[in-house]
Amino acid sequence: MSGLLSQPRVRLATLPTPLRPAPRLSAAAGVEIWLKRDDLTGLGLGGNKVRGLEFLLAEAQQQGCDCLVTGGGPGSNWAMLAALGARNLGMDSVLVCYGDPVPPSGNMQLATMAGAQVRFTGDPDRASVDGAIEEITAELGAEGRRPYPVGRGGATATGALGYLTAGLELAGQLDELELAPAQLWLATGSCGTQAGLWAGAAWQRSGYQVIGVTVSRPVEECVARIGRLGREVADRIGIPAPTCPPCVLGGHIGPGYGRRSPEGDAAAALVARTEGVFLDPIFAAKAMAGLLAANRRGQVTGPVVFLVSGGAPTLFTSD
Ligand SMILES: Cc1ncc(COP(=O)(O)O)c(C=O)c1O
């Protein structure tokens with residue numbers, strides 16, 4: 001076995017998450033679709049980020065840290081779940097948001113309820129969070145705290161271990177069901193989720209292509225990030241680096257990152273009406289729109305697995 005089992009990990013998620021057929025959605029779309037329900041990971045309101053946090057927070061614990069420092073947008077699913085995960089292990093958290101202060105709602109409201117301290121950079125540039133994380137980490141260190149900084153989205157090799165192990169979980173479920181999907185579809189933002197799945201699928205020779213629909217970054221930037229993170233995570237646990245290029249689909253960001261799109265809303269409405277499953281408007285709805293559009297172009301071979309990645313709080317807040 002690889003070095004995977006020796007990686008420090010804390011338990012935050014309720015696993016395995018269900019893998020369920022979506023017969024009415026499949027009939028409506030004209031392709032067999034299965035839903036991997038990572039909206040049901042079980043910390044807070046669930047979501048994909050819980051898996052990576054199991055490895056990131058274990059590392060923080062191992063380093064004796066007492067405070068998590070991370071950030072994102074004011075509506076960040078990642079930041080909220082990071083604050084909840086930290087709280088779960090008795091750690092404090094400081095969350096940095098880009099832009100000017102806004103009244104807490106949705107994810108920030110939940111994070112604040114869990115005791116997170118929220119700060120704003122005053123700069124609308126998303127990258128302003130990165131420098132602020134470094135500054136606050138230094139500030140806390142000078143005060144005698146033991147901060148654990150993590151970049152936006154938790155997209156590091158450690159965080160990507162979450163979806164490398166999710167790939168193993170999925171492989172077991174597919175074996176049991178004697179199901180051999182041709183493709184695994186998901187929403188891609190900071191790229192850690194796709195990197196873990198990509199490296200895991202190559203390692204396991206899973207036979208399906210991992211297709212990410214970008215909801216924020218340009219396709220080339222995603223391909224480079226996934227490639228780098230995937231190779232780092234493979235190296236970390238001593239498995240062969242993937243050789244096939246990562247597959248990222250563009251064209252579905254809509255009016256912008258963090259904003260709903262009419263195409264995504266229509267895709268989410270179809271899934272809710274046919275299967276009674278909610279897709280968040282910022283990530284999974286746009287990925288489903290990408291899958292349905294590719295299917296209409298004849299580019300999808302079934303069966304496919306679609307990752308329902310969480311983000312429930314944004315069902316109520318995004319414009
Ligand atoms: C609900 C949801 N789905 C998908 C993603 C994309 O994951 P990643 O940032 O690892 O690409 C995110 C990221 O925040 C998310 O919150």
Side-chain angles (χ1 to χ4, degrees), residues 17 35-41 43-53 55-56 70-85 95 97 106-108 110-111 126 129 150-164 166-167 184-200 210-219 221-230 233 246-249 252-253 257-258 260 264 268 277-291 306-318:
T17 57
L35 300 177
K36 176 68 173 156
R37 296 291 307 274
D38 273 16
D39 53 326
L40 303 178
T41 50
L43 178 73
L45 303 181
N48 60 333
K49 297 295 173 176
V50 182
R51 291 187 187 265
L53 281 163
F55 292 93
L56 289 162
T70 189
S76 169
N77 297 312
W78 150 255
M80 185 275 282
L81 286 169
L84 282 198
L95 306 180
C97 295
N107 273 312
M108 273 310 141
L110 298 177
R126 279 191 266 156
V129 168
V150 194
R152 287 177 287 151
T156 66
T158 306
L161 284 167
Y163 271 88
L164 196 134
L184 165 60
W185 284 73
L186 72 149
T188 283
S190 65
C191 300
T193 303
Q194 189 170 351
L197 288 170
W198 176 64
V210 179
I211 304 175
V213 178
T214 178
V215 302
S216 58
R217 297 163 201 272
V219 169
E221 188 183 333
C222 292
V223 169
R225 280 175 72 91
I226 294 162
R228 178 178 53 77
L229 282 168
V233 74
C247 180
V248 180
L249 183 68
H252 299 280
I253 296 176
Y257 171 64
R260 51 172 72 240
V277 171
F278 295 125
L279 302 185
D280 79 287
I282 310 302
F283 292 94
K286 293 180 181 179
M288 180 57 80
L291 164 57
F306 180 86
L307 183 74
V308 182
S309 47
T314 60
L315 287 167
F316 306 101
T317 53
S318 57

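Indexing begins at 1, ligand by ligand and atom by atom, following the structure's order.
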Full working for side-chain contact (heavy atoms from CB on, under 4.5 Å) between V213 and F283:
CA-CA 9 Å; V213 178; F283 292 94; over 6 Å; no
Applying the side-chain contact (heavy atoms from CB on, under 4.5 Å) criterion to F306, which one of L186, L184, L279, V277 satisfies it?
L279
Option from V308, D39, L315 for which side-chain contact (heavy atoms from CB on, under 4.5 Å) with F278 holds
L315
Of all heavy-atom pairs between G192 and A155, which one has the smallest distance, and what is that distance?
N-CB, 4.0 Å
Which atom pair, heavy atoms only, marks the closest approach of L95 to A111?
CD1-CB, 3.6 Å
Using a 3.5 Å cut-off on N/O to N/O, what pairs does ligand 1 make with the protein? A line per pair would be great.
unit_1: ligand 1; atom_1: 3 (N); unit_2: S309; atom_2: OG; d: 2.7
unit_1: ligand 1; atom_1: 7 (O); unit_2: N48; atom_2: ND2; d: 3.2
unit_1: ligand 1; atom_1: 7 (O); unit_2: T193; atom_2: OG1; d: 3.3
unit_1: ligand 1; atom_1: 9 (O); unit_2: K49; atom_2: NZ; d: 2.8
unit_1: ligand 1; atom_1: 9 (O); unit_2: S190; atom_2: N; d: 2.8
unit_1: ligand 1; atom_1: 9 (O); unit_2: S190; atom_2: OG; d: 2.6
unit_1: ligand 1; atom_1: 10 (O); unit_2: K49; atom_2: NZ; d: 3.1
unit_1: ligand 1; atom_1: 10 (O); unit_2: G192; atom_2: N; d: 3.4
unit_1: ligand 1; atom_1: 10 (O); unit_2: T193; atom_2: N; d: 3.0
unit_1: ligand 1; atom_1: 10 (O); unit_2: T193; atom_2: OG1; d: 2.7
unit_1: ligand 1; atom_1: 11 (O); unit_2: G189; atom_2: N; d: 2.7
unit_1: ligand 1; atom_1: 11 (O); unit_2: S190; atom_2: N; d: 3.2
unit_1: ligand 1; atom_1: 11 (O); unit_2: C191; atom_2: N; d: 2.9
unit_1: ligand 1; atom_1: 16 (O); unit_2: N77; atom_2: ND2; d: 2.9

Stepwise side-chain contact (heavy atoms from CB on, under 4.5 Å) test for C97 and R126:
CA-CA 8 Å; C97 295; R126 279 191 266 156; over 6 Å; no
